[in-house]
J.: 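Next up is a structure, given as structure tokens.
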There are 2 protein chains.
Amino acid sequence: MATKPHRITRPGQITHPVSATRYVRRGGEICRPGAAGRPWRVLQGSIRLDHVIDDEHALAGLAVAGDIIGLETLLDNRYRYQASALVSCQLEPWYPDTVEEPAQASLQWLIASQARTVDMLALRIGRAHERICRLFAMLGHMPVELPRLRDIAEITGLVKETVSRTMTELHAQGLLRQDVRPRQSRVRRCSSHDAIMYA
Amino acid sequence: MATKPHRITRPGQITHPVSATRYVRRGGEICRPGAAGRPWRVLQGSIRLDHVIDDEHALAGLAVAGDIIGLETLLDNRYRYQASALVSCQLEPWYPDTVEEPAQASLQWLIASQARTVDMLALRIGRAHERICRLFAMLGHMPVELPRLRDIAEITGLVKETVSRTMTELHAQGLLRQDVRPRQSRVRRCSSHDAIMYA
DNA sequence: CGAGTCATTGAAATAAGTCAAACTGGGTGG
DNA sequence: CCACCCAGTTTGACTTATTTCAATGACTCG
């Protein structure tokens, strides 16, 4: 707080809504189902959405730069999915464009959502290295920061060991930049305080 | 024809448009991307949606009884996906409920779409028999008519041989009704005339 | 420094894919 | 009307990519 003024870790404590850009580090939780909140636009990074039911979680979607998450909050102010950062993310609050006709806009979101579904499904067929490369393509080619192997595994429907071996292979083939390795960075113990807000 | 009056096998030959209910037989095409059309409500049966690009097709979604397909036509009157009947289907034209606020309704569709995505993704992880059983659960337990093995395979991300073997297994375990076998019925040569309309 | 998570590696087990061949049954055309 | 055709299905033998299980190393964070 002292070194980073205006930092807020709890929703509802927004101090200076001048620029409410929100930074979430790799592995951090962005929102949880049932919690109150608003939609966000992803400025940077990539996000996984999970459907959580009885502490079982199932992959529900991916969001990359430009996408809007939490649209369902427009309905009743509640998140339906858990969102967590695959890599470090930058978000900004998003408000519906009142200029555009609401129904039209909603249809656009629907179409975008369905298009994303096609890509997601494709991440679960084919060989391991195909799946992983396809994922990287979705997240933006040549990522500087790599998602956790566990995340990659859960998204592609592989196990983490397979992902690890495949990544090693990809490195050997020069398909990944030398410096891009997943080994670094342990995800901070997730205590719902991973979000860092700048005012 | 003698025993089943009013049966028509070619579109364009609608005789009595009193009820525009549309019947499509297993394997039949319901709509194709780019074509003009309207939304339909699925009354019976189940449908696969495919994203077609350069005669490559990728599974894009599933629709079961109660679902509405072709919502995107509200935007520009054009279908985005190819829809074909996994099993024989009954459809009726669907019109947006003007009573409900459009944006609200659109959000509901979006939420439904995302929920369906979760289920679809689940069809591509786990063992073959788990995937297939999960699919049947989605399509409504204990289907009387079975989708083509090829469809089951493409939806679950397996190959048709694996599906065939697994089905045999399921039969042996009594998990499928004796009379429910996929072997019957060859899908009619698909010349865009598979729709059957009743007046 | 320990605790815990994440990543890596190896060896063995196996479920699923591949390739090939035969069967099936309903359309279709002669 | 019937033989043929063909998509769909079934089955077998073989291959292999991936999972599983287990153990170790690496790095963060408290």
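Numbered from 1 within each chain, the chains take letters A, B, ... in sequence-line order.
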J.: Over how many whole Å does the gap from B:K160 atom NZ to C:dA16 atom C1' extend?
T.: 14 Å

J.: Mind calculating the distance between CZ (B:R26) and C1' (D:dA7) to the nearest angstrom?
T.: 11 Å

J.: How about A:Q90 and A:T21: does a side-chain donor come under 3.5 Å of a side-chain acceptor?
T.: no

J.: Whole angstroms only, please: what is the CD-P distance between A:E154 and D:dT19?
T.: 13 Å

J.: Treating A:R32 as the side-chain partner and A:Q82 as the backbone partner, does any N or O pair qualify as donor plus acceptor under 3.5 Å?
T.: no

J.: Measure the distance from CD on B:E130 to C1' on C:dA15 and round it to the nearest whole Å.
T.: 12 Å

J.: Please tell me which of the listed nucleotides, C:dT8, D:dT10, C:dC6, lies nearest to the side chain of A:L149?
T.: C:dT8

J.: Calculate the interatomic distance between A:M167 atom CE and C:dC6 atom P; express it in whole Å.
T.: 16 Å

J.: Let's test your reading of the model: under 3.5 Å, does the base of D:dG12 pair with the side chain of B:R165 as donor and acceptor?
T.: yes

J.: Taking CD from A:E169 and C1' from D:dT16, how many angstroms apart are they, rounded to a whole number?
T.: 13 Å

J.: Nearest 0.5 Å, what's the CD1-CG distance between A:I155 and A:L62?
T.: 5.0 Å

J.: Is the shortest side-chain N/O distance from A:T168 to OP1 or OP2 of C:dT9 below 4.0 Å?
T.: yes

J.: Any salt bridge between B:R41 and B:D67, counting N to O under 4.0 Å?
T.: no

J.: CD of B:E56: more than 12 outside heavy atoms within 6.0 angstrom?
T.: no

J.: For A:E161 and for B:V159, locate the closest nucleotide of DNA chain C by heavy-atom distance; then report the residue assigned to the nucleotide nearer the 5' terminus.
T.: A:E161

J.: Find the distance B:R131:CZ to D:dT19:P and express it as a whole number of Å.
T.: 10 Å

J.: To the side chain of B:T162, which of D:dT18, C:dA16, C:dC6 is closest?
T.: C:dA16

J.: Grab the NE2-C1' distance between A:H171 and C:dT8 for me, whole Å please.
T.: 14 Å

J.: Reading DNA chain C from 5' onward, which residue's closest nucleotide shows up sooner: A:S164 or A:R127?
T.: A:S164

